[in-house]
Novice: 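Below is a structure I'd like to ask you about.
Within every chain, numbering begins at 1; the chains are lettered A, B, ... in the order of the sequence lines, protein sequences first and strands thereafter. Note that the structure is predicted; figures quoted are calculated from it, not measured.
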Amino acid sequence: MSDLKEEGFQASEVLAAIATSFAGLSDDEKKAQIKKVNAIFELQLKNGSGKTGTWTIDLKKTGSVYKGPAKPKADVTIIMDDATFCDLASGKLDGQKAFMTGKLKAKGNIMLATKLDSVFKSAQGKAKAKL
Amino acid sequence: MSMQALISGAECATTSNPLSQVLKHAEGDRSIQRVRVTAGPSSSLYRLPPSSSQAPSAADLAAARQFFEQQQQQSRGPALPSFDVERLRNMNMSPGGHATPPPAAVDMAGAWQGAARPTFSPQLTPGGSHAAWASEFELHRQTASPSAQTAEPMYRPSAFMSQRQFQPYMPMQSWTPPVAVSGKGKGRMTDADFDAAFAALSTHSSAKIEEVDELTEGLQDASLQDNDYMSEFQKSWEEVKKNAANNPLSQPAAEELARWEAQFNQLNSESRLDDDLDYDKQLQEAYEQSFNQYDIHEPGVRIGEDGVPDFGAYQFEQDNKYMVEDAQSRSFLAEARDLLANNGSLTEAALLLEAAIQKGDTGKGGYEAWVLLGETRSMDEREEAAMKALAEGTRLAAEAGDPTQGLMSLAISYTNESYERASYNTLLRWLKARYPGVEVPPPSDMQSPWALHAQVQDAFLAVARGQHTSGAAVDPELQIGLGVLFYTDSQFDKAQDCFETALGANPNDYLLWNRLGSCLSNGSKPEEALGAYRQALELRPTYTRAIYNVGVACLNIGAYEEAAKHFLSALAMQETGNGGADGAGNDKSAQLWTTLQRCFTYMNRNDLAEMARKAAPVNSFRLEGFDF
């Protein structure tokens, strides 16, 4: 997963952790996850020094994380700061608030952006109780 | 394909190439190439040895077959039948050669085809074209290379194959050079042999068919006697060619022909009779393997505009034991109600409800059984079945003029499966049905994917506040809805308040106790959650979901062994259904199995995780020391 990392992007560490958690899923769990999310997210992140980087979370075809633009085409492209991404992933910020304050922008099927929260949650590896 | 079919078919008398039937067969069988393209490295077929000398006969046959196929492609590719006919006509006009020779490869291929034809079906050629044959044969003589060179390609079929297997869609024409050369190799007879063979064949071609048959049989006999040769062929095509090269060239042409025919027949018949079956199986296996390995994608669930997933129609259990019994007098619906009221098995109750629905006994408004089935499935930790049944139930309820029924349960099922937008829309439907006078303001920001949540939550809050200020009784269901909205927004404290408020009105509602526990658990208070679950299970010991949730709480605390026991007992609970002890026909919750698997992985018990992955009989875990 080290190829995901990039100097100056804290988010790349988080993405590497997500990739590790995906890799740790059993096939069945991965299938279930893909069935639920069924989307390819392209993340365009901008760090403090104005540099941009692109990563993709594929939860439609392969259940993987990789660096670079989505192949095939992303269902939704999410544009935000490196720091915003880290806050979202850690749960300090939720997608709704980030969107309302303009920290998060989405292109494509923007409704899928709401799924990002559940991707982060599932990546934390905690089993979820059910209502 | 028999010689008989080649020579006696009606179309054989036309200008079409008589070999076309053979080609059709060969064309149909590309399995070997396809396997090589589609199979991953794990496929056994992929590892076909490049040299066939040590391989068993199956691999040899495959290689040999592919070789033949190339030959046939060659005879189709560069020298198409139409070209052939045209050529024959030209030959008739100007026997002995042609003014503008085509490129050498095509030339040789054409010549080769001319040579191959009399070999296989000499008697097919109309007598009038003998002159053309002769001229074509002459052409072959002119263009054929020395026999030493022609034997060479026969040592390289594997090289062709290895190239081919990575370039399956290469047009045939691009293969002309090697193929033509190999074709030439096939006709490795000397010119003298050709002359002799041709002379013999010319005579035969005008003879009666019976005589030809006799000849054919004779040839076959001759080939069968040549046992050495046959076994060599089976071992390896390569060695066969060596062998053949060692044979005296003065061998009678008839025997040469017989050998050829025998090879061809053998290839065709063997590949059709048993080899093909094997191929199909292997192909399928290879396909499945590669599928499992490289593409875990299942066709995703179609999600509608309102975020509602479309799972398709509810699938009834196969072999429902209640369906077999003669039970016209019984009401399965009533029995299911009794069973549910008396803390019976949820799986049994679901089977009864399914039987009731299948017999048309759907209860009040036609939706009662469906809604009950959905709620039972949800309690039994089978969320997808629950969503299907509830979708049907709520649809029927709306038609029956009772539109709130089942909607809350459906919204909760969607929430559990992370279909948040479906959940919000379902809650909105519920609110509009329950409080028809309430005006729901449109979403504040049409562009925000989260606007729907805010809109629905504001609407629920407005109604709840209205009830509070007017001093009206608290509507527990409204509180549940609000709790779900907070829950999806990860505001577990607020959700907890809502469920506690609802419990104030219905303290014996085990569903509410479980939901309260779930809020606590997901809100990082798993220890407190266990208290709520205990309440739920005291009221309802067979509540599979609550047992599962206890397991989840244990898992998040780090008490893996405890967690595993709870998951196992939840699975055991589902086993009391149709299939009996062996679990046959008993489809348990995949969610339970995967969580159990994860739990075993945390325990570093990969052996048990593997058992869970394969959904081993639940009782086999007792042998591993799990008491549940």
Side-chain angles (χ1 to χ4, degrees), chain A residues 21-22 24-40 58-64 72 75-76 78 88 91-102 104-122 124-131, chain B residues 292 294-298 300-301 303 307 309 378 381 383 412-413 415-421 445 447-454 483-484 487 489-490 511 514-515 517-522 524 526 529 533 545 548-549 551-553 555-556 563 590-591 593-595 597-599 601 609 613:
Chain A
S21 83
F22 282 174
L25 291 178
S26 70
D27 276 0
D28 290 339
E29 283 177 301
K30 222 184 241 183
K31 269 184 204 160
Q33 188 74 18
I34 285 173
K35 202 173 167 188
K36 271 186 205 171
V37 180
N38 197 23
I40 298 177
D58 179 344
L59 274 171
K60 187 177 194 170
K61 303 273 181 212
T62 57
S64 60
D75 295 295
V76 60
I78 296 169
L88 278 179
K92 271 187 214 159
L93 186 68
D94 66 46
Q96 182 173 0
K97 286 198 192 85
F99 188 88
M100 291 203 324
T101 53
L104 183 155
K105 292 186 174 64
K107 279 190 212 159
N109 184 355
I110 59 169
M111 290 302 163
L112 289 170
T114 59
K115 293 266 180 196
L116 205 57
D117 281 338
S118 64
V119 173
F120 290 140
K121 265 177 215 156
S122 70
Q124 287 163 6
K126 251 176 71 175
K128 203 177 139 206
K130 291 196 182 181
L131 288 175
Chain B
N292 286 339
Y294 296 113
D295 193 356
I296 59 166
H297 178 60
E298 282 187 344
V301 177
I303 296 176
S378 178
E381 193 49 55
E383 204 73 273
I412 286 168
S413 288
T415 303
N416 282 329
E417 295 298 300
S418 303
Y419 295 108
E420 281 91 1
R421 285 178 53 239
D445 179 1
Q447 292 304 306
S448 167
W450 287 275
L452 179 64
H453 176 261
V484 172
Y487 178 93
D489 203 22
S490 299
L511 295 174
N514 176 61
R515 285 167 190 164
S518 183
C519 290
L520 291 164
S521 180
N522 288 340
S524 302
Y533 295 141
R545 166 150 297 159
Y548 167 78
N549 280 339
V552 168
L555 192 65
N556 288 336
Q591 175 79 46
W593 281 119
T594 52
T595 318
Q597 190 185 340
R598 201 199 286 189
C599 179
T601 311
R613 194 182 68 76

Novice: Can you measure from NZ (A:Lys97) to CG (B:Asp489) and round to the nearest 0.5 angstrom?
Specialist: 6.5 Å
Novice: List the residues meeting side-chain contact (heavy atoms from CB on, under 4.5 Å) with B:Glu420, not counting sequence neighbours, and say none if there are none.
Specialist: B:Ser418, B:Tyr424, B:Thr488
Novice: Do B:Tyr419 and A:Lys115 come within less than 4.5 Å of each other through their side chains, counting heavy atoms only?
Specialist: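 Yes. Closest side-chain heavy atoms under 4.5 Å.
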Novice: Contact part of A:Ala113 toward chain B, heavy-atom cut-off under 4.5 Å: side chain, backbone, both or neither?
Specialist: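 When you check distances to chain B, atoms from both the backbone and side chain of A:Ala113 fall under 4.5 Å.
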Novice: Please rank A:Gly95, A:Ala106, A:Gly91 by heavy-atom pairs under 4.5 Å with chain B and give me the top one.
Specialist: A:Gly95
Novice: So, taking the atom named CE in A:Met111 and the one named CZ in B:Arg421, what distance separates them when rounded to the nearest 0.5 Å?
Specialist: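 So the gap between those two atoms works out to 5.0 Å.
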Novice: Can you tell me how far the CD atom of A:Gln33 sits from the OG1 atom of B:Thr594, to the nearest 0.5 Å?
Specialist: 11.0 Å
Novice: I need the B:Gln591 CD to A:Lys130 NZ distance, nearest 0.5 Å.
Specialist: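 The distance works out to 3.5 Å.
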Novice: By a 4.5 Å heavy-atom criterion (distance strictly below it), what part of B:Glu417 contacts chain A: side chain, backbone, both, or neither?
Specialist: both
Novice: Report yes or no: does B:Asn522 contribute a side-chain atom to a donor-acceptor pair with the main-chain N or O of A:Ala129 at less than 3.5 Å?
Specialist: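 Indeed, once roles are kept as given, a pair shorter than 3.5 Å links the two residues.
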Novice: Can you name the nearest heavy-atom pair linking B:Tyr548 to A:Lys128, along with the distance?
Specialist: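 Looks like OH-O, 3.9 Å.
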Novice: State the CG-OG distance between A:Leu131 and B:Ser413, to the nearest 0.5 angstrom.
Specialist: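 Spacing of CG (A:Leu131) from OG (B:Ser413) equals 9.5 Å.
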